[in-house]
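See structure below.
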Amino acid sequence: MHELSIAANIISIAKGELSKANGQKLEKIHLQVGSLSGIEIESLLFALKSSHGVLEDTEIKIEEMPGKLRCLECGVEFESADLYTLCPQCRQFKLEVVVGKELIIKSMTIS
Ligand SMILES: [Zn+2]
């Protein structure tokens, strides 16, 4: 499962930050997930929550960011929640992702 390895990455970053800050606990973490990333927010949340330790008592906020596609045919850019769509202007299916594939750790609160 894709989300498990992503969760493992986030956890190792969180651990690193925690030890860098000499912190005891990660109070909050705020993530932004692009809607074209293929990440299931529910699954990611579950994977993070079942992480045995670091993020177990952490308030986890996951925000979905809208994705943006560009049509390679006519150049128009438009927002879309998935990749399987046609250009709204010329109805072609030659699209590239402008934003929406990323996962960003927006903030962490360490105590
Ligand atoms: Zn187009």
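In this structure, CZ in F93 is found 11.0 Å from CG in L72, a value given to the nearest 0.5 Å. To the nearest 0.5 Å, atom OG of residue S35 and atom CG of residue D82 are 8.0 Å apart. Rounding to the nearest 0.5 Å gives a distance of 9.5 Å between NE2 of H30 and CD1 of I62. Between the CZ atom in R70 and the NZ atom in K94 there is a gap of 15.5 Å [rounded to 0.5 Å]. Note that CD of E64 is 9.0 Å distant from CG of L36, once rounded to the nearest 0.5 Å. To the nearest 0.5 Å, atom NZ of residue K68 and atom CD of residue E96 are 12.5 Å apart.
A 6.0 Å sphere centred on CD of E56 holds more than 12 heavy atoms belonging to other residues, nucleotides or ligands. Counting non-hydrogen atoms of other residues, nucleotides and ligands closer than 6.0 Å to NZ of K25 gives a total above 12. Counting heavy atoms of neighbouring residues, nucleotides and ligands inside a 6.0 Å radius, atom NZ of K49 exceeds 12 of them.
When all heavy atoms of L44 and A7 are compared, the closest pair comes out as CD1-N, 4.0 Å. Of all the heavy atoms in C90 and E73, the pair that sits closest is SG-CB, 4.0 Å. The shortest heavy-atom contact between I60 and L55 is CD1-O, 4.2 Å. Shown here for C87 and V76, the closest heavy-atom pair between the two residues is SG-CG1, 3.5 Å. Nearest heavy-atom pair across V54 and L26 is O-CB, 4.4 Å. Taking each heavy atom of I104 and E102 in turn, the nearest pair found is CD1-CG, 3.9 Å.
Scanning for salt bridge (charged side-chain N to carboxylate O under 4.0 Å, His left out) contacts around K28 gives an empty result, with sequence neighbours left out.
Counting heavy atoms from C-beta on, the side chains of L69 and T85 come closer than 4.5 Å. Side-chain contact check for K61 versus L31: every heavy-atom pair is 4.5 Å or farther apart. F78 is listed as a side-chain neighbour of L95, based on a closest heavy-atom distance under 4.5 Å.
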For a quick test of your reading: what N or O donor-acceptor pairs under 3.5 Å do the side chains of residues 8-21 make, sequence neighbours left out?
residue	atom	partner	partner atom	Å
S12	OG	N9	O	3.2
E17	OE2	K20	NZ	3.1
S19	OG	G16	O	3.2

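When only modelled atom types and interatomic distance are considered, S111 and E27 share a side-chain donor-acceptor pair under 3.5 Å.
In terms of hydrophobic clustering, with Ile, Leu, Val, Met, Phe, Trp and Tyr side chains grouped at heavy-atom distances under 4.5 Å, I105 and I41 are assigned to a common cluster.
Not a single donor-acceptor pair under 3.5 Å links the side chain of S37 to the backbone N or O of V33.
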